[in-house]
There are 2 protein chains.
Amino acid sequence: MTLMDEKPRPKAATLQTIADALGVHRSTVARALNAEERHRITPDVVKRVTEEAERQGYRRDIIAASLRTGKSRLVGVIVPDLANPVFSTILDGVSAALTGRSYSMLVADAGVPLGKQAEIVDALVGRRVDGLILATAMRNDPTVSFCLGLKVPTVLVNRAEDTLRASSVVADDHRGMGLAIAHLAELGHRRIAHIGGPEAVSTGCLRRQGFQDAMVSAGLGATRIVSADSYARSAGASAARQIFACWPDTTAIAAGNDLLALGALEYMRERGIGCPGEVSLTGFNDMPFIDLVDPALTTIRVPQHEMGKAAADMLLGAIEGPGRPPELQRLPVTLVVRSSSCATASGPREDRREGLPSDLLLPRA
Amino acid sequence: MTLMDEKPRPKAATLQTIADALGVHRSTVARALNAEERHRITPDVVKRVTEEAERQGYRRDIIAASLRTGKSRLVGVIVPDLANPVFSTILDGVSAALTGRSYSMLVADAGVPLGKQAEIVDALVGRRVDGLILATAMRNDPTVSFCLGLKVPTVLVNRAEDTLRASSVVADDHRGMGLAIAHLAELGHRRIAHIGGPEAVSTGCLRRQGFQDAMVSAGLGATRIVSADSYARSAGASAARQIFACWPDTTAIAAGNDLLALGALEYMRERGIGCPGEVSLTGFNDMPFIDLVDPALTTIRVPQHEMGKAAADMLLGAIEGPGRPPELQRLPVTLVVRSSSCATASGPREDRREGLPSDLLLPRA
DNA sequence: ATGTTGCGTGCAATCGATTGCACGAGCTTC
DNA sequence: GAAGCTCGTGCAATCGATTGCACGCAACAT
């Protein structure tokens, strides 16, 4: 028995081959195999078709079906950076929502420049995706206009636009930063600075506004703000440098996300500024493993997985029942207190070099 | 001017609509638009076709083309866990290799049970993917058999099978663990234990073998081995418990990956065992942000991004020039020394509670 | 002047599933 | 007993691009 005659099936099974084997028409086979249409066919025929399909190892050709119906059961997801755990967690949520609904996920990494966005959308739309999930949106995004113009159901996740042109699933960024500031204020901090994310994206803008609003309602001044131009560690470090240069008496920093906080932490470590001893620090996102840094970062937990799932659910809803108005879902966030924030020393320290001995604050450094 | 008459194009542009506008046959249009066939057409016609296509906003329907040609320019990628940074970094590499080659990436999360694998492959193959990248392979994997039986070009990444049935891109796991052991031995450690990954996957097995071989060539005993049944933090913690229960005089642990090391670290912290003061620890993978844990983990750097890229390149090679024998690419790894490993104290300590004061080892704990 | 070669296009089949319509048989109803 | 209905199935068009083959024309060789 050679390899060749193991499977005497020369070509793949199609509706036609099954129909031929049974002496019925291929449309009958199609109906028997389609749960929606099956009721129109005699049970006996259905049974024979099912068995023959099984025997031939038939698998429905989604490509051919897509061509005929115009639906691909494909969802495109565009993220700014696949290697960023925040976005891969969102992807995980999307995947979870799609699984079992016979939708598949086409993933595209927009890359750092974000310049090739239109090209990427083009490629996805060219594949006739039924819908798009964008995790890359800026506050007023031409890519969104493009998708909307194409009449492709589109859902934004994590970042939303200023105006609700497309359905969006976001975290409560404003309130989240409020929680962080309330926490720091409660610990006695008054001179709190903010490292903001890019103003061009909603998270950067809303968290900055949250900072300002919370500072004002706490009766504090909200002037110590440096906005980073990207959510990168290096940007966090240079923002921290700027903060300490302008306002050396700062006792706490609320960063716009965890990566910026990490950058600030690096800078502080480099400069020998103790955290939390001299300066408290908070992040935003509670990304995976951020609890393991030294010191463990106090941060705002954002339900990335749930956001991804909600976005996918919303998109599927829009695909299956079109014509609905855009909807905004704002998921709650929570404060996670860890070790990077603590109460201020009794009074204000004007010279931070007089803080606790750095070898106690930065052991093994 | 209402929205409606902005674009008087009722239906999408197709080859036929362009052909009609120009009074040529649609096959001529197809050839004029296809770089491979263009040379057979009069330059003037090509020009007119190109312009008309532009005017109508024509976009080739990949679905229809796929149906005719049987090629989808789609690659399926199956990962065990999207939320794990190791795999999302691999994905990033795959994406990088695919970008600009007009291939797209269908991502599927096999999920923890790994039971639905066949189902997932089915779904992807049903979409007529041109090839598959599996990051989920066990040492002898029925899913691989399934893919091979389907004659779908398949490349394994990160994990390989025992026999080279499918092309694979892996890291040099054996040598990597050798580097870790050599490092620990050089620091004076002699009673080194190993937390192994699952024996069912190549990384678990090869790193364990690497441990044994390196210990033997260093003239040390390679008996202190506990294999975890998964690459989870919790598994690392319970393996560590077992190690300290069986061999309390252990001075170093080489973990099968970073997550297992983190689990061990948690356990040690809980028990008040200082790292690296009392016990040195090494990980494997150098996953993102692992440098930020306390203490920063000494580990083996695995080029995940490059592995993903290499796997995608290899797959594209196999798709475009089929019939080649399977190929194994083993990427080099490097030792990254950080703070979780240090030289042993002068002599062996039988009772680890007599180590350095724990408040110095675990500040702010 | 006829035969040959080559080039640019047109023609039509093809990929495989879907679906509106029609047809015929069996059944009810007045 | 004829008209009308239901039900199961067949028929054929359709989705849009691709491609082997053939045809017609022009230039060149005989």
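Computed from a prediction, not measured in an experiment: that's the story for all the values here.
Atoms CG and CZ, from A:L124 and A:R127 in turn, are 8.5 Å apart once rounded to the nearest 0.5 Å.
For B:S66 and D:dA17, the shortest distance from a side-chain N or O to OP1 or OP2 is not below 4.0 Å. Of the side-chain N and O atoms in B:R26, none sit less than 4.0 angstrom from OP1 or OP2 of C:dC11. Remark: A:T69 is not in phosphate contact with C:dT19, judged by side-chain N or O atoms under 4.0 Å from OP1 or OP2.
If you take CD1 of B:I62 and P of D:dC15, they are 20 Å apart, rounded to a whole angstrom. B:Q16 places its CD atom 12 Å from the C1' atom of C:dG10, with the value rounded to the nearest Å. A straight line from NZ of A:K71 to P of C:dT19 spans 12 Å, rounded to a whole angstrom. Taking atom CZ of residue B:R38 and atom C1' of nucleotide C:dT9, one finds them 17 Å apart after rounding to whole Å. Between the CD atom of A:E37 and the P atom of C:dA17 there is a distance of 15 Å, given to the nearest Å. Between the P atom of D:dA13 and the CG atom of A:L15 lies a distance of 18 Å, rounded to the nearest Å. Separating the CZ atom of B:R68 from the P atom of C:dG16 is a distance of 10 Å, rounded to the nearest angstrom. Across the protein-nucleic acid pair, A:N34 atom CG and C:dA17 atom P stand 12 Å apart, rounded to whole Å.
Contact record, B:V121 with B:C147: CG1-SG, 3.8 Å, taken as the closest heavy-atom pair.
The side chain of B:L67 lies closest to C:dG16, out of C:dG8, D:dA12, C:dG16.
The base of D:dC11 sits within donor-acceptor range of the side chain of A:S27, with an N or O pair under 3.5 Å. In terms of polar N and O atoms assigned as donor or acceptor, the side chain of B:R31 comes within less than 3.5 Å of the base of D:dG20 in a complementary pairing.
The side chain to side chain donor-acceptor pair (under 3.5 Å) check on B:T14 picks up nothing, with sequence neighbours excluded.
Ionic pairing of B:K309 and B:E306 is not present here: no N-O contact between side-chain nitrogen and carboxylate oxygen is shorter than 4.0 angstrom. One finds no salt bridge joining A:D130 and A:R73 here, because no Lys/Arg side-chain nitrogen approaches an Asp/Glu carboxylate oxygen to under 4.0 Å.
Two residues, B:H39 and A:T28, neighbour DNA chain C, and the one matched to the more 5' nucleotide by heavy-atom proximity is B:H39. If you find the closest nucleotide of DNA chain D to A:H25 and to B:A30, the one lying nearer the 5' end belongs to A:H25.
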